[in-house]
Every structure is written in structure tokens, then in C-alpha cells.
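Right, one structure below, let's go through it.
Only heavy atoms go into these numbers, but all of them, side chains included; no hydrogens, no water, no symmetry mates. Per chain, numbering begins at 1; letters A, B, ... match sequence-line order.
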Protein chains: 2
Amino acid sequence: MKPIVFPYTQKPYKELVEAKLAQRESRIPKEWKIDVDLSPANLLDVPSTCGLLTDRELEITEKYDSVGLLAEIAKGTYTSKEVTIAFCKRAAIAQQCLNCLTEIFFDKAIERAEWLDAEFARTGKTVGPLHGLPISLKDSMSVAGEDSVVGIAAYCFQPEKENSVVVDILIKLGAVMYVKTNVPQSMMVPDTDNNVFGITRNPIHKELTASGSSGGLAALIKFRGSLLGIGTDVGGSIRVPAYTHGVYSLKPSSGRVPYHNVKGYLEPGAETAGILCVNAPMAVSVRDLEFVMKCMSDAEPWLYDPSCQYLPWNEPKPLDRKLSIGVIRFDTEVQTLPPVARVLDETVEKLKAAGHEIVELELYLADEISANAVDHFKVDGGAFLLSQLELTGEPLTVANQNGGLYPDVKRGLSDFYAYSSARAELQRAWLKYWEETASKTKSGKPVDALLLPIQSFLPRPEGYMMRSHFSRTWNNLDYPGLIFQAGKVDLAQDDKEMPAPITDMDARVQTTWAKDVRGRYDGFPIALQLVGQRQMEPKLFQTMSEISKVL
Amino acid sequence: MKPIVFPYTQKPYKELVEAKLAQRESRIPKEWKIDVDLSPANLLDVPSTCGLLTDRELEITEKYDSVGLLAEIAKGTYTSKEVTIAFCKRAAIAQQCLNCLTEIFFDKAIERAEWLDAEFARTGKTVGPLHGLPISLKDSMSVAGEDSVVGIAAYCFQPEKENSVVVDILIKLGAVMYVKTNVPQSMMVPDTDNNVFGITRNPIHKELTASGSSGGLAALIKFRGSLLGIGTDVGGSIRVPAYTHGVYSLKPSSGRVPYHNVKGYLEPGAETAGILCVNAPMAVSVRDLEFVMKCMSDAEPWLYDPSCQYLPWNEPKPLDRKLSIGVIRFDTEVQTLPPVARVLDETVEKLKAAGHEIVELELYLADEISANAVDHFKVDGGAFLLSQLELTGEPLTVANQNGGLYPDVKRGLSDFYAYSSARAELQRAWLKYWEETASKTKSGKPVDALLLPIQSFLPRPEGYMMRSHFSRTWNNLDYPGLIFQAGKVDLAQDDKEMPAPITDMDARVQTTWAKDVRGRYDGFPIALQLVGQRQMEPKLFQTMSEISKVL
């Protein structure tokens, strides 16, 4: 048993990129190529207007969420094969519009769907709760026989030998794998761009970033080229793209979703210590997120994956009282832009009107927690990433040069321990802070969940490096964060000036809300974040279910 | 929020030791001093013969396990104060016979017990499920106002500012803290000896080691100076001392028992990554272990301690079938000595006779797992320990010089990641191995638990550095291991020669079973180990309960 070593090709990266793009291009059937006008700001109507999808395929891809579609497949309304072909075609359109895919394996997917249909016909039963559902994957998930390039040329044409455990389990549950999706080089900058596959476009507005690092996944799901995908989150990577695309996602606590044999931007082994990157679902509804998380727990992943904790899906007792929700309005560094503040405020008022209790809280220790997260993220100074780029002469992307984490000093074990120790103290402090909310509620119990933005600002144009403590705080604390749609930008209400900036970051954020550019946001979806206590996802969904009733 | 830093005294260590020993001596009331003959090989009858304990105190300390005694306190048979005084007195005798204590705070304990009695009188109810029970602690647990010397002179007279979270929770549950117990210097060698407090003696036989690192705890519990203690285990430290003293212990998986603010032998922060040291109970019965573990889970420690996972005590379904037990007889390096092999074999035969299924397994990947554990343990090359010794000019103990892990090269972050990556692959391989036992059982389900020795050999004389893959394998895999009493050495049956040694370690082990020395073992208790799947302690106790029925 040895550490994983990657066998590298040593070709210059440009040769690899050329060959890789040709390979990807070849994976889209000629008859699914469309002649598409990419000039409109919003491309969301291309699937229904380009003529490639039949009415039935439009119905399959547009009418349902995953839970709804799975029920139809299980009833026999649709075969898995026709569902799979519909999503393969729509994903092919997405790729041509948005450049959101990396590995494409439609043939294998259709073969798998045929097998599922045959099993269904033979036994009269579905193979599992995800029977027949195509699920998209972030590029970091390993699928045997396919590359995991993760935006690094050296990994082109190095097919994986085995599936990530999460992929194995999804397959066991009946799902169909068909595409992997684009990521930023390093996965630690917030635009989905790299030297191999290039940049992914946000289908809602071309001036706005697809964000990242699960940007390809979000673009594909917003485009309904997928209803459900598995991405990752170590600082906001599943939540921010869901926010920038008006879809739903959950960053679970560590230990819930198998993470073994998932490719990262650090040395193998780094995924086991420090702030843990987690696999995380993105979907078109809250109930899809809950469903896939419950399916995953019910599959007992701790029996297969050493990264999992023993976390059965313990349903909480039915709620026999109103909620107590802690609200956090300010990220301590950046003032919240008017539409985000308004949507949060409206949600709070709706909760109050329904009799729920609201407790005003702060983003306690946000600066310290964020600084500690950066210490963790920079711990190797980029040495591993740079070593992988060097193999093929590949440069850092502009994003990584300008706003990324490296190059920096490679730290030692004692530094790592010091960061870990400081982190444990911060986690302990937050446990106390949450516990002490009991003194502010009528019931004398701590708040059920925290309600807050995921970012103080709206989706950025590409290349703007902005950060928000609202996201990475919960990675450092390892609390689950659920992204749900709560409203839209409405310039009739939101066309307001901001107070004077309070920090440099605040000033930068305010340029995205300048008088002359804010028009692009009109109608843009605004999601909020609901944060629960560590590993208590079932309770988080129970709380969300109450909130959904008032929205 | 900064990493913890210890404020050091810089006095030469001998001065500190002298003052520390005087302080400890002063904490035993003069009227509890006894004139004791330490020459007998076995000192277990001193408490009943020395005249210090009343009949009632002998009854309190000898008649019950913790569960039984707690029931009597809750019924009002005994006050917490008289129970506390009884155990303080008996612990004082233990200290005079065995040198097993470090910090002694009888006054605080009696004051606490008086408060508990007053609460009980006032409310008619116990304060919690551990109401009135004195619980002993390994020296590494922090108790506010007391030192945590952990065998290092520099830590003398540096009282802790706050309790370890585990201590807070035990107190919340109604327990009484009264003593801390001795450990080896570094806690990574298997004799309980250090330059501050000296060596702890095994009360069963003076030629045999108290072992370690929870050796002081085990000696105290065997002596019934305590019924329940909390120690730690990172390679066998709670299980081996239980074995060498004929008592019971559980090494839980990580995340079950709070570990925040427990003192280790590495830099602060090291306790969060790699092979995790765990807090672990030691007791006089299996049911005590289960009871305290369930109490701990019911106290929801994940709300207080960042090291805890969300692990409610999910009772398994009642068993509606016979057990399938995997038996492992050989640690791959050392041949099992006759009494240990016989007791294991007898237990297996009893299980078979009761209709349970036995599957012969191997200690799969034992060498690789053990080597990987050593890589983890040696990761800092002893740099931190040596730096702490240097502060006062304290030398390494002979044990650490001869058989310890350092000094060695201090490793870097990349080494640590490589060890972690290799470890994850080993863990994954074992998950598969366990899963595949399903092919060997009649039910087609994997085995319920593994039954094996904790050591191939019997308790060693002091200074013999011997190791056993039977213990550290389960730290590396993070599986729970329960030590239970299964038989005794019976020279009438066991007086047999061993086959020729197969390794150097085997040859060393066989010297402890030489014809001329094996007589000392006659009647010595022999425990076995029951190992469950990661974090599934409730199921492990269910399996143990079935096994207890046949013993």
C-alpha cells in the first residue's frame, strides 16, 4: 500500500490541450451539434429554441425535479434510456453554449440506462432509489476510464483506474453517470477557468461569472442539462455557484458524503487533515438535496469509505413549536448590497409573521476564522500545484496570478499544527456562542439554525476577486450550509446607493453595484444560506421545510 | 484566538521534582498514611488488611461495579460523601503501595460530594446519571487549578486554567473528580515511569510492569481505589494496561469521547490530525463501560467539543440470530503464548457450542498498518518532547532512550500527507476485507465483530520493549476495541514449550515465557479483545453481551 502517485505525461501543455479539446469535441455526436448565437446576455432559452430537443425531451428535462422525475421513471412513464438521452442532448447543448463540460461519456451512459431498463423490465423493480437518473459530476470525481483533469494539463490522458467511492455508491443506487464538469485551475479561485478547457459561461448573464469552483456543474444544472450534480466545497465552491446560477445546493459537514479517491489541488493525503473539502450536492429543489443526502446515508457509506463518519440519517422529532432562527446580516468586512439585504429582510419578516422567533446574531469571530482558513488553504504555498504545472510547462492562470493563494512559502508541520490548534479553539468558541443563544430565545433553547446571505454582493463579473466571510466561515467550523432561492433583484425597489465603503474589499464590491452597471442584475435570482449545527443535516432540512412554508 | 502556549518554569528539573513530590505527599492526610510492607509480589490484600478502611468502606469499594454503586447512591444506601471518602482513602493506600497517582485533590472531591448530597436532599433527585461516583483521570486530562504534568518536569506547578471538556461533562453528569494518575514520559513507551513521579507498580505481581500509558489508572482500578477512570489510547494505552491488570476497558473510535484540551506529547494541534488519540474508559465490568459511553453520548458532547462527531447512541435492533464472529489468532510477527492461545480457543469453543458462527480471519495488512502507525507516531521526531525536556535540563528516561520513538528526524508536511494517504488506502482495504467476510458466513452478512488477543504475550517485566500488532492495528483503522476478562493462566494446562521463534521480536517474547520464569504467571488474568466497526460501539456492546452469556 503506497501513496497514490500520478503517472505524468511530459508533453508540452499546449499539445495536450489541443488533443484534449479534440477528444472532448469528438464525444459530442455530430447530429447534436447546433449552430448557436452566443451573443445574447442570457442563453437559457437556447434548449427550447434550437430545435434539437423533442417536446418529450423538453418535458423530461424541464418539468421535474429529481424526485419528481425518479417517480415517473419508477412508474414507467419514461425509460431510463430516453431520460438519459434527453439529458445527454441537453448537456451537449449546454457545452456548446457555456463550455461547462470536461469529460463526456454519453455512450457509456446510454448503455448503462439500457441495462437499468432491462433490469426494471426483468424484476419489475427499480435497481435503487436513484434508478435511471443521470447525475453530473464535478471534474474532481473519479470515473474509471475517464480523466480527472481538474484544470491541469498534466492530468490529460491519464484515465482513472477506479471510481471515487461516491461514484460507486451513486451507481449502486441506480444513477447514470454521463458527464463531468469544468473547474478553475487549482479550484481555489472563484472563476471557472483553466488552461485546458477554458472558461465556463454563466447562462443567466454573460457579464457575470459562472463563479467556482463547481462552476461547470452550476451552469449545467441552471441550463437543465442536469437536475442533480455532485460538486465539492472547501470555502464556498458548491454554495457560491448555486447562488450565481439560481439553483440549490448543500455543503454538508465532513464525513457525510464519501470523499475517498477524489482529486484535489494538494498532495494526496492533504484531503484527510485540516479544513476538509467535502463532496456536496447541487440540485433544482430543496427536496432533491434532502433526498440525495438521505439516499447517501441509507447506503451506509461508512462501510466503504474511510473519510465517512458513522452518520445514519436520524430523523429529528416532529417540530412541536415555532422555530427560533438566528439572523446574521453583516459579514464584518463588506456591507450587504440592497437587493440581498432586502431579500433577507423580507424572509425574516415572513418568518416573524408566521410566528417564528428571530434572534439577531453576528458573524462571530469572522475575521479570525477567515484568516485561519487562509492559513490552512495556503499551507503548502502552492508547491504541489506548481509542480504539476511544471511537468508540462503550463502557466498559472491570470486568476491564480492575480488573486490566488500562491506562490507562497511552503509551511512545515509545526505551522500546520498551530493552525489546527487555533482552529479547534475557534470551533470551541462557536459551540459556546451557539449554545449561548439559548439566553436570547423564549424557549430557552439555542436557535435552530442561522439565516444569512451566502455573499454580501451579487454575482461578480469575471476576474473580480472578492471574498465573503459568509461562506468560508462554515467550512472552517464544518457546519452544513444550505443554499435556497429566496427572491430576485427588483430594481424598482433596490436601485439604491450604498453608504461609504468601510474597507478596501467593500469599495471593490461597490463597483459591482455602480449606477451604470446595476441594471444587468434586474430579475437575477437571490439565494440565502441556512446554516445548521455540525453534522445535523436532518435537522437542517426540517428547519428548511418550515421556512419553505412561509416563502 | 492563538494556539495554546504553555508558560514554562525554567528551574532545573530536580528542584521541580523535589517540590512536586513534596506537594503530592502533602495532599495525603497524615491519618491516612500507612506503614506498608512492599515486599510481597502481590499487594492486592493491603486495603483489607492495613486497617485504614472501615468495613463499610471496604463494602463500598469492593462490593459493586459503578452501575451497582450508582444505584445504591441513588437509593440513598450511601451518601456521595462517604463513597468519596472511601475511594479517597483507598486511593491513598494505592498511592503508598503502587505510586500510581500524580495530582491528588481529596478536599475538593469531598466538598463536591457534600454539594451533591445537599442537592440530592433538596430535590430528591440525583444531579445526573453519574451522581456521586468518584472517577479517576489519566494525568493528561485537565482539571482547572491542578497541573497536567504528563511526566514532564517543565509542566510542574503550571495549573490548568480550565477543565478538559470530558471533565466538564463528567461533572455535569454528577461525577466527583479526586485524583489523576501516572503516565510514562512521552506516553509512548509501555512502562509507566517518568522523572517526576517515578515508576508505577503492578499490584498483581511486582515483577510485571504496570504497562502504559494509562498504567497509573489501571493499577488504581485493579486496587479498587477507583471503579471507573478515563484514560487515553493511541496505540494500546487503555487496552494494554487493562490487560496487564485484569480489568476492563474500551478504546472507542475517535469522535465519541471529547478530547478537546487534553494534554499530549506532541505540539498543540497535533491531536487533530493523523492517528487520533482518544479518551477511553477503564472499569471493573463491561456494563460499566457501556453505561459510561452511553451517558457520554446522551450528554451530546458534539455540542461542546470540536473533536466530537455527531454520534448519538443508536441502539441496534435486537439480535434475531446467532452471531458471526471473526477470530484472529496470530499477529503476524509473534507466536501467541500457550495460555493466551488456550483462552482464545476455549472462548471460541464456547461460542460454537452456543450455536454462534466462527470465521477464521487473519490480521490483514498488519505489518503495513503497524509501519504506517509508527510513521505517524514519529512524525515530529520527538522534537517537541525534547524541547520540553530541555527547558529544565530533564533527560529522556531509560525507556525512551532504549525503546522509544526518538530522537528521530522531524518530518515535513509532505511526509505527513504521504502517511495519511497511505493510511486512507489501508483503511479502505480493511473496509473491503470486512465486507468480504460476508462470503464466509452462513447468513451472507459480514461478521459482527472480531475476537482476538490484545497481546500475543503476557504482561512483561519492566523495561522489555515488546509490541503487538493486535493493539495498534485498531488505532490506525480507528475501530473500537473492547478488553474483557476471558480466563486465567493455568500452569497445569499451559506449561508448554513454544515452537522455535519466527522473528527477533518473537524470540524476545519467548524469554518472558522461559521455563524458569513462567511460574509467576500462574493464575494471572487473561483478557481478550473484541473489535467492532468504526464508531459502532452500540453494536459492539450488543455483540459483547451475547458473548458474555457464554463465558
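Between the side chain of Gln427(B) and the main chain of Pro306(A), no donor-acceptor pair closer than 3.5 Å is present. Between the side chain of Arg534(A) and the backbone N or O of Cys308(B), at least one donor-acceptor pair lies under 3.5 Å.
Only the side chain of Leu311(B) comes within less than 4.5 Å of a heavy atom of chain A; its backbone N, CA, C and O stay farther away. When heavy atoms are compared at a cutoff of 4.5 Å, Pro446(B) does not approach chain A at all. Of the atoms belonging to Val165(B), it is side-chain heavy atoms, and not backbone ones, that fall under 4.5 Å from chain A. For Ser414(B), the parts lying near chain A are the backbone and the side chain together; criterion is any non-hydrogen pair under 4.5 Å. Residue contact with chain A, scored on non-hydrogen atoms closer than 4.5 Å, involves the backbone and the side chain of Tyr304(B) alike.
Side-chain contact check for Ser421(B) versus Thr272(A): every heavy-atom pair is 4.5 Å or farther apart. Proximity of Met536(A) to Tyr310(B): side-chain heavy atoms (C-beta onward) are separated by under 4.5 Å at one or more points.
The residue among Arg428(B), Arg423(B), Gln533(B) with the most heavy atom pairs within less than 4.5 Å of chain A is Arg428(B). Note on Ala424(A), Ala273(A), Ala383(A), Ser253(A): by heavy-atom pairs under 4.5 Å with chain B, the leading option is Ala424(A). Interface summary for chain B: among Lys432(A), Glu435(A), His260(A), the most heavy-atom pairs under 4.5 angstrom belong to His260(A). Among Leu413(A), Asp380(A), Leu477(A), Asn372(A), the residue with the largest count of heavy-atom pairs under 4.5 Å with chain B is Leu413(A).
Using cut-offs of 30° and 60° on the angle between ring planes, the pair Tyr417(B) and Phe416(A) is perpendicular.
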